[in-house]
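Remember, it's a predicted structure, so these values are computed and weren't measured experimentally. As the structure lists them, so they are numbered: ligands from 1, and atoms in each ligand from 1.
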Amino acid sequence: MEFKNLTVEIEKPIAIVTVNRPKVLNALNLETVSELGAAFSMLEANADVRAIIMTGSGEKAFVAGADITEFRGKTAPEMIPFAKKGHDVARIMESMGKPIIAAVNGYALGGGCEMSMACDMRFAADTAKFGQPEILLGLIPGMGGTQRLARLVGPGIARELVYGGEQITAQRAYEIGLVNRVYPAAQLMEETKKFALKLAAKPSHALKMAKLAMNYGYDLSLDNALMVETQCFAQCWSHPDLEEGVSAF
Ligand code: CO8
């Protein structure tokens, strides 16, 4: 599948999705958001791919947000499908069975920070910057930032970032739990690939069940979430990986 705004490299057993609009710091226009949805759906269906890295092209940005040039002249009703599109893509990423690691190589602002939060985890270059600067434009996050940020870092710090619009360093993002790991910029991709390969070597069905139990259970009451976990746990017995793993033990 060919994309205009992305590259998708398959280095079995991992794939690397790179937003490729470096002239605008990989800002997400609607076409790019649609292409991301198609790319992740395609990778979910590709049995050769067991873990995915998402990153941005160039050295400066992961994704500097939604493409602001698409905002002018729009009306409120026109922006509903725009936001919905972003939400749909984030949901594709969260509901697919394969882990996605964001390799945040630079600015992850607005929709870029939100995209990284739809990934399973975030590894960042020490030069990366995170933030939800929408307030400075007279708007608010529209791709899940008002919700996912609070779930990741807690409501107090999330409010500080969304209301204040300030950028934070990768180190600060690590301290608040937004980022899992920070690496010197030159090592980010190599280290992220190493970790993706480790995940790719894990029993894929069990990993899928872990991801689904954690993502679908998160918003439920504890009783309902435990029911989701029970189903996913039991599903592990429907796959030969379990027999293999238990026998090896
Ligand atoms: N949209 C469009 N173009 C952009 C964007 C953007 N978000 N960010 C940077 N660019 C362009 C610049 O206009 C510039 O273009 P040109 O060379 O033609 O002038 C080029 O990229 C390089 O940028 P700068 O010259 O500004 O580079 P600096 O190093 O001086 O600054 C910054 C880097 C700090 C990242 C700065 O570019 C900036 O502040 N960018 C905007 C960041 C921002 O506000 N992001 C939030 C956007 S709103 C949003 O994301 C809402 C999400 C809604 C989700 C909807 C789902 C589909």
- [ ] For atom 50 (O) of ligand 1, decide whether some protein heavy-atom distance is shorter than 4.0 Å.
- [x] yes
Task: I68-ligand 1 polar pair, N/O distance under 3.5 Å - done: yes
Open item on the list: Please tell me if atom 33 (C) of ligand 1 is touched by the protein, where touching means a protein heavy-atom distance below 4.0 Å.
Closed with: yes
Open item on the list: What I want to know is whether T69 and ligand 1 share at least one N or O pair that is separated by under 3.5 angstrom.
Closed with: no
TODO: Output the list of atoms in ligand 1 that are nearer than 4.0 Å to some heavy atom of L137, sorted by atom number.
DONE: 44 (O), 47 (C), 48 (S)
Open item on the list: Test your reading of the structure: does A64 have an N or O sitting under 3.5 Å from an N or O of ligand 1?
Closed with: yes
Open item on the list: Please report whether atom 28 (P) of ligand 1 has a protein non-hydrogen atom at a separation of less than 4.0 Å.
Closed with: yes
- [ ] Could you say whether the N/O atoms of M143 and ligand 1 ever approach to under 3.5 Å?
- [x] no
Open item on the list: Check contact between K85 and ligand 1, using heavy atoms of the residue and a distance below 4.0 angstrom.
Closed with: no
Open item on the list: Yes or no: does P141 have any heavy atom under 4.0 Å from an atom of ligand 1?
Closed with: no
Open item on the list: Only heavy atoms of P133, strictly under 4.0 Å: list the atoms of ligand 1 that pass.
Closed with: 43 (C), 44 (O), 45 (N), 46 (C)
Open item on the list: When you compare ligand 1 with A66, is there at least one nitrogen or oxygen pair between them that comes in under 3.5 angstrom?
Closed with: yes
Task: Between D126 and Q171: side-chain donor-acceptor atoms closer than 3.5 Å - done: no
TODO: Before accepting this row, confirm whether a basic side-chain N of the pair E31/K4 lies closer than 4.0 Å to the acidic partner's carboxylate O.
DONE: yes
Open item on the list: Please confirm whether E114 approaches ligand 1 to less than 4.0 Å, judged on its heavy atoms.
Closed with: yes
Open item on the list: Using heavy atoms and a 4.0 Å limit, tell me yes or no: is Q132 in contact with ligand 1?
Closed with: no
Task: Identity and separation of the nearest protein heavy atom to atom 2 (C) of ligand 1 - done: D67 OD1, 3.3 Å
Open item on the list: So is K60 touching ligand 1 or not, going by heavy atoms under 4.0 Å?
Closed with: yes
Open item on the list: Ring centroids only, cut at 6.0 angstrom: are F123 and F195 within range, meaning strictly under it?
Closed with: yes
Open item on the list: Restricting to salt bridge (charged side-chain N to carboxylate O under 4.0 Å, His left out), what partner residues turn up for K84, sequence neighbours left out?
Closed with: D88
TODO: Examine ligand 1 and decide if any of its atoms is less than 4.0 Å from a heavy atom belonging to L28.
DONE: no
